[in-house]
There are 2 protein chains.
Amino acid sequence: MQVSKSLDYAVRSLTYIAKEDAKVFTIRDISEKQHIPQNYLAKIMRKLVQKGLLSSSPGPEGGYSLRKSTGDISLKDVYEAIEGDMQLIDCMEKNVVCELFNSCSQRSVWDHLQLHTLNFLNDISVEDIASNNFRNKAE
Amino acid sequence: MQVSKSLDYAVRSLTYIAKEDAKVFTIRDISEKQHIPQNYLAKIMRKLVQKGLLSSSPGPEGGYSLRKSTGDISLKDVYEAIEGDMQLIDCMEKNVVCELFNSCSQRSVWDHLQLHTLNFLNDISVEDIASNNFRNKAE
DNA sequence: CCAGCGACTTACTTACTTGCAAAGCAACCT
DNA sequence: AGGTTGCTTTGCAAGTAAGTAAGTCGCTGG
């Protein structure tokens with residue numbers, strides 16, 4: 001149970017963008033400042049573009065820019081852009097009604113944990129992280 | 001961010017043990033009833049033995065048995081037996097003081113989530129899951 | 001004491017994540 | 001038009017989780 005590098009990098013990049021005044025950011029800039037492998041970061045940024053969090057443009061003066069205010073981007077948004085819908089556990093057989101479904105007591109435990117986690121992530125915006133302001137909400 | 005199969009299997013096995021009256025359980029029994037690959041389960045059970053949750057004995061009449069009451073085994077215990085100490089994210093450079101440490105705003109977010117998660121797991125025992133009783137505590 | 005049972009161990013696939021490298025493509029500037 | 005810039009895509013290598021296969025070791029009942 002771990003936060004993937006991809007998600008960590010995505011949050012790190014968006015937080016960096018939120019902190020700086022610039023309008024447009026290049027991969028090279030972010031990757032150097034945040035110590036993220038360039039080509040790997042490219043794949044991550046692509047996902048954030050596809051999910052509508054960022055827009056991108058090639059060429060000189062090109063780069064990535066925000067599509068909406070960082071205050072309107074929650075960690076849940078970032079999570080889902082990178083990882084898709086959260087699913088803390090896969091049921092035993094994918095795409096099949098699990099044979100053990102009825103006697104499966106622990107499923108509801110993971111469901112609860114997942115719900116708690118999603119609520120937690122949903123209450124924190126990128127802006128909150130950039131301004132170190134998230135504690136007020138989390139507590 | 002997902003619960004590993006290993007942890008899921010471990011919880012599933014212990015819950016199964018908690019529900020049944022028997023004193024001793026074989027790999028074959030658990031693996032058949034819970035649909036867990038035998039040889040993979042063997043490795044998981046080994047960890048639970050090494051961490052003192054179960055004891056094991058070979059030969060006829062052998063198998064695994066509980067070392068303490070399932071009410072005294074929390075999900076946190078199981079987690080740590082299988083995965084070791086929880087670490088939701090690895091800092092950028094392992095075993096090195098991170099260069100970005102001071103400007104690293106998101107670390108405390110993950111720290112909070114980790115703390116919440118550990119508290120959640122710590123409050124639920126295997127017995128609670130087996131008796132479908134955990135909601136009372138979680139809410 | 002020895003054969004069978006069941007835990008334990010090792011080695012080998014398979015798939016996914018992370019990371020690296022290089023090539024392709026679009027916009028812009030001269 | 002052509003070259004620079006920066007996004008985009010593809011392929012490959014290493015590491016880890018998950019699963020498979022097959023063998024080793026120790027207890028115990030006949």
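Lettering follows sequence order; numbering is per chain, from 1.
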Round to a whole Å and report the spacing from [atom1] of [X] to [atom2] of [N].
{"X": "A/I44", "N": "D/dC7", "atom1": "CD1", "atom2": "C1'", "answer": "15 Å"}
{"X": "B/Q2", "N": "C/dA15", "atom1": "CD", "atom2": "P", "answer": "17 Å"}
{"X": "B/D90", "N": "C/dT18", "atom1": "CG", "atom2": "C1'", "answer": "12 Å"}
{"X": "B/L41", "N": "C/dC8", "atom1": "CG", "atom2": "P", "answer": "11 Å"}

| request: Looking only at non-hydrogen atoms, find the nearest pair between A/Q38 and A/S31 and report the distance. | output: CG-OG, 3.1 Å
| request: Can you see which heavy atom on A/M45 is nearest to which on A/S13, and at what distance? | output: SD-CB, 4.5 Å
Counting only side-chain nitrogens and oxygens, does [X] get under 4.0 Å of the OP1 or OP2 atom of [N]?
{"X": "A/Y9", "N": "C/dG19", "result": "yes"}
{"X": "B/S57", "N": "C/dA7", "result": "no"}
{"X": "A/T26", "N": "D/dT5", "result": "no"}
{"X": "A/S56", "N": "D/dG6", "result": "no"}
{"X": "A/Y40", "N": "D/dA13", "result": "no"}

| message | As a test of understanding, state which of A/V126, A/I73, A/L53 forms a side chain to side chain contact (heavy atoms under 4.5 Å, CB included) with A/L66. | response | A/I73
| query | How would you label the contact of A/P60 with the nucleic acid (heavy atoms, under 4.0 Å): base, sugar-phosphate, or nothing? | reply | base
| said: Judged by each residue's nearest nucleotide on DNA chain D, which is more toward the 5′ side, A/R46 or A/E61? | reply: A/E61
| request: Establish whether the base of D/dT9 is bridged to the side chain of A/K47 by a donor-acceptor pair shorter than 3.5 Å. | output: no
| Residues, nucleotides or ligands: over 12 heavy atoms within 6.0 Å of B/E61 CD | no
| message | Let me spell it out: for each of A/P58 and B/I27, pick the nucleotide of DNA chain C with the closest heavy atom. Which residue's pick is nearer the 5' end? | response | B/I27
| Nearest to side-chain heavy atoms of B/K5, which nucleotide of C/dT18, C/dC8, D/dA18 | D/dA18
